[in-house]
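Here is the structure we will look at, set down as structure tokens.
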Amino acid sequence: MPLSWNEIRDRSLAFTREWADECSEDAEAKSFWDSFFNVFGITRRRVASFEAPVKKGDGQGGFIDLLWKGVLLVEHKSRGKNLDRAARQAFDYFPGLKERDLPRYVLVSDFARFCLFDLDNNEQHDFTLAELPKHVRLFGFIAGYQTRSFGQQDPVNVQAAEKLGKLHDQFKAAGYDGHALEILLVRLLFCLFAEDTALFERRLFQDYLEQRTHEDGSDLGMHLAQLFQVLDTAPEKRPKALDEQLATFPYVNGQLFTEVLPIAACDRAMRETLLDCCALDWSRISPAIFGSLFQSIMDTTARRNLGAHYTSETNILKLIGPLFLDELWAEFHRIKRNRNQLFEFLKKLSKLTFFDPACGCGNFLVIAYRELRLLELEVLRQVRQNDQLLLDVFQLIGVNVDQFHGIEIEEWPARIAEVALWLTDHQMNLKVSEEFGQYFARLPLKKAPHIVNGNALKIDWNDVISAWRLSYLLGNPPFVGKHYQTKEQKAEQVEIFSGVKSASDLDYVACWYRKAAEYMGGGQQGFDSAQPTNSSLSGVEGNIRAAFVSTNSITQGEQVGILWPDLFRRGVKIHFAHRTFQWNSEARGKAAVHCVIIGFGLHVVSGKWLFDYDTPKSEPHAVKANNINPYLVDGPDVVVAKRTAPLCQVPPMRYGNKPTDNGNFILSEAEREVLIQRNPRAAHFIRPYMGSEDFINGLRRYCLWLQGVSPEELRSMPDVLVRVQNVRSFRAASSAEPTRKLAETPTLFFYISQPATQYLVVPEVSSERRKFIPIGFMSAETICSNTNYLVPNATTYHFGILSSTMHMAWTRAVCGRLKSDYRYSGSFVYNNFPWPEPSDTQRAGIESAAQAVFEVRSAFLNATLADLYDPLTMPPELVKAHHALDRAVDAAYGKTTFKTEAERVAFLFERYQQLTAPLALEGKAVKKRTRKTRQEDDSETCDA
């Protein structure tokens with residue numbers, strides 16, 4: 001057990017006095033350094049050797065004055081000698097040391113002066129013997145204290161993954177695999193971390209391996225098995241004749257070492273790799289990255305891309321901050337001057353419970369636990385400050401790992417989550433020790449986190465922790481879009497959402513929202529999702545607060561209409577939300593994931609907060625909201641459902657023409673020229689063809705448009721006939737019946753919507769960087785592809801409304817997304833858009849402003865729409881024209897200014913609600929009349 005800092009300081013003062021007046025000849029050096037180590041409660045001969053032989057950089061032999069392998073190298077000179085020369089001599093020994101024995105610190109001294117080199121942090125500290133007590137904390141590494149800041153980019157993280165990964169591969173190649181290997185690696189992780197963080201004596205594990213196992217590794221497995229047994233045995237129950245070195249290991253408990261594993265057959269290479277692992281500084285690795293670390297160990301591909309699995313602490317804090325942490329800190333600041341309230345607050349912290357029903361390797365639980373302990377530490381500081389006579393702060397420490405619960409479908413990550421929480425607990429205990437000057441540890445482990453290995457969608461969450469006891473539900477459930485789900489996942493989703501129409505179109509993450517709602521509401525088994533219910537329904541009085549990281553898809557497009565009405569019927573209310581942001585990944589080439597965070601519960605909260613992002617990569621800014629709806633905007637809880645016709649009196653929008661041709665109808669410019677050259681009559685059947693990318697970027701493509709072609713004409717164009725035959729074969733081989741059926745008409749597009757007159761084009765996908773989706777008119781001669789939407793019979797007025805900021809605000813709120821790009825939808829965006837009801841004068845004003853936009857665009861003949869609407873290259877004249885158009889459109893809505901887009905969207909949702917309310921009432925009346933008619937029909941039948 002490390003000495004307290006108070007004891008170390010007192011000993012350093014005594015050491016300074018003792019050696020200030022000594023003769024300090026070279027013969028005294030050993031005594032000097034023995035006394036120096038004793039300051040920190042360490043017996044020097046147990047960790048470090050004098051006169052360690054080594055080959056210097058010049059190939060000559062030499063002796064290191066004092067070497068603590070992997071930790072400290074000391075070069076000592078007589079009083080008054082040149083310390084710079086001593087430092088050069090010390091570093092000259094490095095080439096002769098094994099990599100794992102290279103020190104992290106170099107210390108040179110002449111009795112009166114010290115120069116300490118911290119090689120990890122690239123720092124140098126110079127001070128005199130008299131100043132040692134002021135600098136004694138620099139030597140905390142000797143006592144076992146080390147204050148670390150953790151970062152995912154710390155090179156030791158990658159080194160640890162590589163070394164343990166190599167060890168994993170060696171064991172696996174030797175036939176030691178599966179469950180036994182997973183548990184073995186978890187135990188080794190614990191031991192490696194323990195000896196670098198004062199759970200074990202420094203180098204205790206490494207020295208045992210070096211000194212007690214054969215160099216050929218033949219007995220390594222046996223010694224590890226014996227060590228694990230010792231770690232699981234209380235001191236009073238250990239054999240009296242137990243090896244002294246083994247007896248030094250502490251009792252761990254916690255069931256971590258209880259299971260008896262098969263003894264591994266090891267070799268020299270495996271022993272060397274394990275010793276190389278020991279040489280790493282495991283105190284530099286945050287338990288928050290253990291999950292990423294070990295996922296990479298088990299997967300050689302992932303090992304090269306460690307960041308791909310890493311959930312950044314920044315993103316985790318985005319969730320736990322508004323969920324509970326911010327509120328707890330605010331409460332602490334309110335009561336920190338009140339002694340009694342502080343004690344009650346400490347009790348409150350110790351009774352809070354946390355549950356992650358998809359915990360993986362425990363990242364969210366680990367960070368939540370760490371932050372709760374840091375808050376507790378700040379409370380303890382305040383308690384000590386308020387009450388200087390308080391003798392034992394440690395008796396007030398109540399937060400522990402048994403407050404944390406999780407479910408994980410795979411055993412390996414579940415065990416990592418447990419160990420990561422224990423090790424985080426120890427790190428926080430070290431912080432407490434350093435703060436209050438006395439060592440505090442929880443060994444043997446008496447409490448454990450509750451991590452269940454199982455399928456969260458099949459387990460009753462009350463079996464993990466009763467909903468009546470839970471405070472906070474949190475996590476990052478698996479996303480998995482509908483096209484990527486396994487058969488098992490699809491079956492689970494159908495079962496979870498029994499009775500919900502089109503539930504199979506939801507992302508897999510939606511299952512956790514449904515389970516959470518049932519869990520918080522007391523587990524309403526057999527709940528009829530088709531029937532409305534009291535929104536205050538809650539079997540736990542609505543006390544649980546929840547927050548999940550999710551795909552942004554569940555807040556966009558069609559998934560909103562499937563998921564959220566069901567959640568609202570169960571009483572769910574959104575408390576806070578982070579709108580779309582990019583989920584951080586450090587892996588090169590890893591696709592960005594665009595996520596949202598949704599905080600929710602079954603109770604009303606007074607302060608609702610939206611965290612918005614200018615771009616998915618930017619920092620969030622918080623905006624207070626009156627209500628947060630499923631689109632994560634401040635507006636009423638309305639859900640925009642798919643419509644087959646527009647809500648307002650405007651021309652219908654159609655999907656573009658879909659070829660389903662395996663590319664046989666589509667031609668590049670070069671292909672068009674060749675085809676016409678070989679088949680001159682084909683020129684009559686080739687039309688300009690335009691997809692969204694063509695339209696926006698000014699690209700030219702063509703297509704075969706064979707409507708009305710006669711058999712004689714077709715046979716006169718052999719190359720065209722070959723393409724038609726290819727279309728027929730492609731469709732006939734399809735697994736979809738509608739596609740196979742249309743193999744009978746291979747000369748025609750699969751779906752045809754081409755107007756006979758000019759039409760308005762709206763690209764289906766457009767970059768989120770653009771303030772406006774580029775739209776425009778196109779002649780009937782140009783075939784519009786299915787990557788666009790088209791509006792026949794549209795006017796300049798319609799163009800003006802669809803090109804306005806008002807329509808873009810609605811689009812951004814309601815449309816689906818492809819990553820973060822806009823994914824327009826006729827049935828969701830256009831058909832539900834609440835158009836204004838302008839006067840003749842207002843309508844004319846919109847048409848005039850829209851025409852001005854056209855005129856500015858036409859002035860830039862060589863610019864594409866991509867150029868014109870890129871935020872960096874958009875001409876000032878066009879910006880000005882759009883501002884004028886916005887003023888005209890806003891006036892038609894009866895508004896002159898909107899301070900923010902959120903205000904604009906809230907206005908549109910209110911208008912949408914007004915427009916749809918009469919339709920809803922009419923629908924109910926129709927249903928009533930229908931039921932009545934059916935009853936009358938039944939009655940007549942009975943009378944007959």
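None of the values given here were measured: they were computed from a predicted structure. Heavy atoms only: backbone and side chains are in, while hydrogens, waters and symmetry mates are out.
Using a 4.5 Å cut-off on side-chain heavy atoms (C-beta onward), Leu256 and Trp422 make contact. Side-chain contact between Leu457 and Tyr508 is present, with heavy atoms from C-beta onward closer than 4.5 Å. Under the 4.5 Å side-chain criterion, counting only non-hydrogen atoms from C-beta, Ile544 is not in contact with Leu602. Side chains of Pro322 and Ile597 form no contact here, defined as non-hydrogen atoms less than 4.5 Å apart. Proximity of Asn476 to Leu319: side-chain heavy atoms (C-beta onward) are nowhere separated by under 4.5 Å. Counting only heavy atoms from C-beta outward, the side chains of Ile320 and Ile367 approach each other to under 4.5 Å. Side-chain contact check for Leu192 versus Cys278: some heavy-atom pair is nearer than 4.5 Å. Between Arg100 and Leu280 there is no side-chain heavy-atom pair separated by less than 4.5 Å.
For the pair Arg384 and Phe436, the cation-pi criterion (under 6.0 Å, within 45° of the ring axis) is not fulfilled. For the pair Lys318 and Phe581, the distance from NZ or CZ to the six-membered ring centre is under 6.0 Å and the angle to the ring normal is within 45 degrees.
No donor-acceptor distance shorter than 3.5 angstrom exists from the side chain of Thr555 to the backbone of Leu632, with no hydrogens or angles considered. Formation of a donor-acceptor pair under 3.5 Å by the Gln582 side chain with backbone atoms of Lys617 is not found in this model. In this structure a side-chain-to-backbone donor-acceptor pair under 3.5 Å is missing from Glu418 to Ala448. A donor-acceptor pair under 3.5 Å is formed between the side chain of His575 and the backbone N or O of His603. The main-chain N or O of Val399 is found under 3.5 Å from a side-chain atom of Glu376 such that the two form a donor-acceptor pair. Panel note: side chain His426, backbone Thr197; a donor-acceptor pair is recorded below 3.5 Å. A distance-only check finds a donor-acceptor pair linking the side chain of Trp282 to the backbone of Cys277 [under 3.5 Å]. Distance alone, capped at 3.5 Å, places no donor-acceptor pair between the Ser471 side chain and the Phe354 backbone. A donor-acceptor pair is defined here as one N or O able to donate and one able to accept, closer than 3.5 Å; such a pair exists between the side chain of Asn453 and the backbone of Glu408. In this structure, the side chain of Asp460 engages the main chain of Asn462 through a donor-acceptor pair within 3.5 Å.
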Go through the steps to decide whether Val71 and Val47 satisfy the test side-chain contact (heavy atoms from CB on, under 4.5 Å), and finish with yes or no. CA-CA 10 Å; Val71 180; Val47 297; over 6 Å; no
Given side-chain contact (heavy atoms from CB on, under 4.5 Å), test Trp461 with Leu470 step by step and report yes or no. CA-CA 11 Å; Trp461 292 1; Leu470 185 65; over 6 Å; no
Assess the residue pair Glu313 and Arg370 against the criterion (salt bridge (Lys or Arg N to Asp or Glu O under 4.0 Å)); give the C-alpha distance rounded to whole Å, side-chain angles, the decisive distance to 0.1 Å, and a yes or no. CA-CA 11 Å; Glu313 294 186 17; Arg370 184 194 69 190; 2.8 Å; yes
Applying side-chain contact (heavy atoms from CB on, under 4.5 Å), run through Cys595 and Asn315 and close with a yes or a no. CA-CA 10 Å; Cys595 300; Asn315 283 335; over 6 Å; no
Checking His179 against Glu411 for the side-chain contact (heavy atoms from CB on, under 4.5 Å) test, could you report, in this order, the C-alpha distance in whole Å, the side-chain angles of both residues, the deciding distance, and whether it holds? CA-CA 8 Å; His179 169 81; Glu411 181 188 17; 2.7 Å; yes
Evaluate salt bridge (Lys or Arg N to Asp or Glu O under 4.0 Å) for Asp118 paired with Arg104, printing each intermediate quantity in order. CA-CA 7 Å; Asp118 181 340; Arg104 295 165 200 161; over 6 Å; no
Could you go through Asn429 and Arg373, starting from their C-alpha distance and side-chain angles, then the distance that decides it, and tell me whether this counts as side-chain hydrogen bond (donor to acceptor under 3.5 Å, both in side chains)? CA-CA 9 Å; Asn429 293 339; Arg373 285 293 304 271; 2.8 Å; yes
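Remark: Glu410 CD is loosely packed, at most 12 non-hydrogen atoms of other residues, nucleotides or ligands lying under 6.0 Å away. Other residues, nucleotides and ligands place more than 12 heavy atoms under 6.0 Å from the CG atom of Asp463. At most 12 non-hydrogen atoms from other residues, nucleotides or ligands lie less than 6.0 angstrom from CD of Glu619.
A salt bridge links Glu327 to Arg545: at least one charged side-chain nitrogen sits closer than 4.0 Å to a carboxylate oxygen.
Separation of atoms OH (Tyr208) and OG1 (Thr248) is listed at 11.0 Å; rounding is to 0.5 Å. If you take CD1 on Ile335 and CZ on Phe345, they are separated by 6.0 Å, rounding to the nearest 0.5 Å. Distance check, rounded to the nearest 0.5 Å: CD of Glu378 to CZ of Phe332 gives 5.0 Å. For the atom pair OG1 of Thr551 and NE2 of His594, the computed distance is 12.5 Å after rounding to the nearest 0.5 Å. For the atom pair CG (Leu199) and CD (Gln427), the distance works out to 10.0 Å, reported to the nearest 0.5 Å. In this structure, the separation between NE2 on His621 and CZ on Phe611 is 11.0 Å, given to the nearest 0.5 Å.
Side chain to side chain, Asp402 and Asn400 fail the donor-acceptor criterion of an N or O pair below 3.5 Å.
Just one of Tyr513, Phe479, Phe355, Phe364 meets the ring-ring contact (aromatic ring centres under 6.0 Å, His included) condition when paired with Phe548; it is Tyr513.
When all heavy atoms of Val401 and Asp425 are compared, the pair lying nearest together is CG1-CB, 4.0 Å. For the pair Val136 and Phe40, the tightest heavy-atom approach, listed with the atom from each and the gap, is CG2-CE2, 3.6 Å. For the residue pair Leu365 and His405, the shortest heavy atom distance occurs at CD1-O, 3.5 Å. Contact between Gln382 and Arg337 at its shortest, heavy atoms only, is NE2-NH1, 3.2 Å. Closest approach of Lys624 to Gly607, counting heavy atoms only: CE-CA, 4.1 Å. In plain terms, the two heavy atoms of Arg187 and Thr258 that are nearest each other are NH2-N, 3.8 Å.
Ring-plane geometry between Tyr105 and Phe141 is classed as parallel, the angle between the planes falling under 30 degrees on a 0 to 90 degree scale with a further cut at 60.
If you look at Phe205 and Phe200, their ring centroids are not closer than 6.0 Å.
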